[in-house]
Amino acid sequence: MLTTGPRGTRDILPDSSGYWQYVENMMREVCRNFAYQEIRTPIFEHTELFLRGIGETTDIVEKEMYTFTDRGKRSITLRPENTAAVVRSYLENKLYAGPQPAKLFYIGPMFRYDRPQAGRYRQFHQFGVEAIGAQGPAVDAEVISLAVELLQRLGLTDLNLFVNSVGCPVCRPVYRLKLQEFFRDKLAQLCPDCQSRYERNPMRILDCKNETCTHHAQGAPHMADCLCDECNSHFNGVKELLTAAGISFVINPRLVRGLDYYTKTAFEIQYAPLGAQSAVCGGGRYDGLVAECGGQPTPGIGFAIGIERVLLALEKQELLPPANTAIDVFVAPLGAEIQPVAFQILTAVRQAKLAADMDYNNRSLKAQMKYANKYPAKFVALIGQDELAENKVMLKNMATGSQELVDRADLIQMIIKGMEK
Ligand code: ATP
Ligand code: MG
């Protein structure tokens, strides 16, 4: 127990933290290019925010939240996603008073009581963006193209972008009735979840993963055929802009979200080689969410990308950069009594902004050279009794094997010169 973390959690160890940094840096870089700025919200929020902001009939709220009562008897939930919290922060900090749309991104851990398997964890990480305060289709296209650009910049191929429109509170009720009509005589064959969805949220039957439900959903009416004029022209606008930007997409009528505050554009990016966990990105418009959270009616759109799944995809395509543990200098004292001088040298080297380390275990010369090679180190600064007495250091260039006796005062200059060669 003490030596095992909770189910569904993972440690990101030194041998892979470099991959995370690589991917996160790319996310920051793309956001900079698209003029999105970072927002960091707390990892826990009032449970009420997620009940409102995610919806009580969703899988997340029904069965996946980490909810607890704190010592002040408040109901608190570890964030299962971040859109609701960003909207809460937008309202609380009056970001609506600044330039609109507010273009925000976040990177951080999310928590869901999911069934752990490859690409599915209980603590996982998302990179997401939200553009709040713009209603035209151009911002939808921007958000989608940001996700596509990121994944392409990372080198991923075999990506599929699916888009759909889920309509709005004007046209959706008509569609819901049509769906209920369609499923009425199939109801008994649907899974228990879908049977309860039938009344509460029939659109969600369309994205049920149960095979029988998928089978019975074939031939179901499409939302795209029921869109009101406004939703229709918005959808056409998004398609036109994506095409203009050279982004290929497939229309997927089964891509749905059944809640009132999800409107118009819905999209997903899949990386098929990941199998059951192939969705790397999910997003869409939420024109009703800000009002649902207590603000003035304000349009918004965003997406979230699962970082673990992106890393799995990069691993599959062998696109992860090699780990970089290399250092510039390894300081090698030959004898315990030389440690203070070696440490003094090490300190000066680090202050000169070189990457450096030293031996702390009184290893033999041979063992220290082996140790230095493991990083690998570009230079080894050897200090034995003779060097100590003369205020010198034996500087060995590990690439060429050449070594030279240098004055301690010149050491850093010599290393920098040697590195330039
Ligand atoms: P799924 O259908 O795979 O459960 P979802 O619809 O619950 O996905 P979203 O809420 O849209 O997922 O979250 C956006 C992205 O976050 C997903 O596309 C996925 O990449 C990632 N994600 C979601 N849940 C997990 C999880 N438990 N572990 C790892 N990544 C996850
Ligand atoms: Mg899920």
Side-chain angles (χ1 to χ4, degrees), residues 5-10 12 20 23-24 27 50 53-55 57-66 77-87 105-130 143-144 146-148 150-151 154 156 159-164 166 193-194 197 201 203-210 213-214 252 254-259 261-262 265-286 289 301-316:
R7 199 165 131 73
T9 65
R10 298 191 314 162
I12 298 168
W20 285 79
V23 169
E24 289 168 3
M27 291 164 173
F50 299 121
I54 301 175
T57 61
T58 56
D59 280 353
I60 293 182
V61 169
E62 279 178 347
K63 35 191 173 186
E64 297 175 358
M65 292 206 308
Y66 277 90
T77 294
L78 301 184
R79 63 183 188 190
E81 55 102 67
N82 211 25
T83 304
V86 170
V87 166
F105 81 89
Y106 59 84
I107 298 175
M110 307 294 156
F111 306 84
R112 295 185 194 177
Y113 197 78
D114 248 321
R115 201 167 67 81
Q117 52 203 287
R120 192 175 293 283
Y121 312 97
R122 290 183 176 170
Q123 172 170 338
F124 62 102
H125 298 76
Q126 286 184 336
F127 157 65
V129 313
E130 314 292 349
V143 162
I144 295 173
L146 194 162
V148 170
L150 170 72
L151 298 171
L154 288 167
L156 291 174
L159 294 165
N160 287 307
L161 165 64
F162 296 104
V163 298
N164 194 25
V166 298
D193 275 352
C194 283
R197 284 168 186 154
N201 195 343
M203 282 172 83
R204 288 210 34 228
I205 302 175
L206 298 178
D207 71 358
C208 180
K209 284 169 187 147
N210 181 305
C213 299
T214 317
N252 179 2
R254 296 178 53 119
L255 193 59
V256 290
R257 295 169 179 226
L259 301 166
Y261 39 81
Y262 290 119
T265 312
F267 67 99
E268 189 167 283
I269 301 176
Q270 293 201 2
Y271 181 75
L274 291 184
Q277 270 66 246
S278 63
V280 293
C281 172
R285 191 165 263 291
Y286 45 81
L289 181 58
I301 178 162
F303 69 70
I305 284 182
I307 304 183
E308 283 81 357
R309 292 190 194 175
V310 168
L311 286 167
L312 281 173
L314 292 174
E315 194 183 321
K316 261 201 189 312

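The analysis underlying the following values was restricted to heavy atoms, covering all of them including side chains, and did not include hydrogens, waters or symmetry mates. Every number for a ligand or one of its atoms is a count from 1 in the order of the listing. By convention here, the first residue in the shown sequence is residue 1.
- Residue, atom and distance of the protein heavy atom nearest to atom 21 (C) of ligand 1 are Gly306 CA, 3.6 Å.
- By the criterion of a heavy-atom distance under 4.0 Å, neither the backbone nor the side chain of Glu268 is placed next to ligand 1.
- The CG atom of Leu150 lies 8.5 Å from the CG atom of Leu156; values are rounded to the nearest 0.5 Å.
- Contact atoms of ligand 1 toward Ala279: 17 (C), 18 (O), 19 (C), 20 (O) (distance under 4.0 Å to a heavy atom of the residue).
- For atom 1 (P) of ligand 1, a protein heavy-atom neighbour is found at a distance under 4.0 Å.
- Rounding to the nearest 0.5 Å places CZ of Arg197 at 9.0 Å from OG1 of Thr57.
- Considering CD1 of Ile305 and CZ of Phe105, their distance stands at 12.5 Å, rounded to 0.5 Å.
- Nearest protein heavy-atom neighbour of atom 28 (N) of ligand 1: Tyr121 N, 3.0 Å.
- Only the side chain of Gln126 comes within 4.0 Å of ligand 1, counting heavy atoms alone; its backbone N, CA, C and O stay farther away.
- The atoms of ligand 1 that sit less than 4.0 Å from any heavy atom of Val280 are 18 (O), 20 (O).
- The nearest protein atom to atom 29 (C) of ligand 1, hydrogens excluded, is given as Gly119 O, 3.3 Å; this is a heavy-atom distance.
- Scanning all protein heavy atoms for the shortest distance to atom 8 (O) of ligand 1 gives Arg309 NH1, 4.5 Å.
- Residue contact check for ligand 1: Glu308 places no non-hydrogen atom closer than 4.0 Å to it.
- Here CZ of Arg79 is found 11.5 Å from CD1 of Ile54. Values are rounded to the nearest 0.5 Å.
- Of the candidates Tyr113, Phe111, Phe124, the one placing a heavy atom closest to atom 25 (C) of ligand 1 is Phe124.
- Thr214 approaches Cys208 most closely through the heavy-atom pair OG1-O, 3.7 Å.
- Residue contacts with ligand 1 do not include Glu81, since none of its heavy atoms lies under 4.0 Å from the ligand.
- With rounding to the nearest 0.5 Å, the separation of CZ in Arg120 from CZ in Arg112 is 8.5 Å.
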### Task
Would you sort out whether Ile301 and Phe303 count as a side chain to side chain contact (heavy atoms under 4.5 Å, CB included), showing the intermediate values?
CA-CA 7 Å; Ile301 178 162; Phe303 69 70; over 6 Å; no
### Message
For a side chain to side chain contact (heavy atoms under 4.5 Å, CB included) check, start with the C-alpha distance between Tyr121 and Asp114, then their side-chain angles and the critical distance, and finish with the verdict.
### Response
CA-CA 6 Å; Tyr121 312 97; Asp114 248 321; over 6 Å; no
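- In this structure, OG1 on Thr77 lies 12.0 Å from CZ on Phe111, to the nearest 0.5 angstrom.
- No side-chain N or O of Gln277 forms a donor-acceptor pair with one of Arg309 less than 3.5 Å apart.
- Assignment of Arg122 to the shell around ligand 1 is not supported, since no heavy atom sits closer than 4.0 Å.
- Closest to atom 11 (O) of ligand 1, if we only count protein heavy atoms, is Gly282 CA, 4.2 Å.
- Within the 4.0 Å heavy-atom cutoff, Arg120 counts among the residues contacting ligand 1.
- Residue contacts with ligand 1 for Arg112 involve side-chain atoms from C-beta outward but no N, CA, C or O (heavy atoms, distance under 4.0 Å).
- The part of Asp114 lying near ligand 1 is the side chain, judged by heavy-atom distances below 4.0 Å.
- Checked by distance only, ligand 1 and Ala304 stay at 3.5 Å or farther apart across all their nitrogen or oxygen atoms.
- With respect to Asp193, the side-chain hydrogen bond (donor to acceptor under 3.5 Å, both in side chains) criterion is satisfied by exactly one of Arg204, Lys209, Lys63: Lys63.
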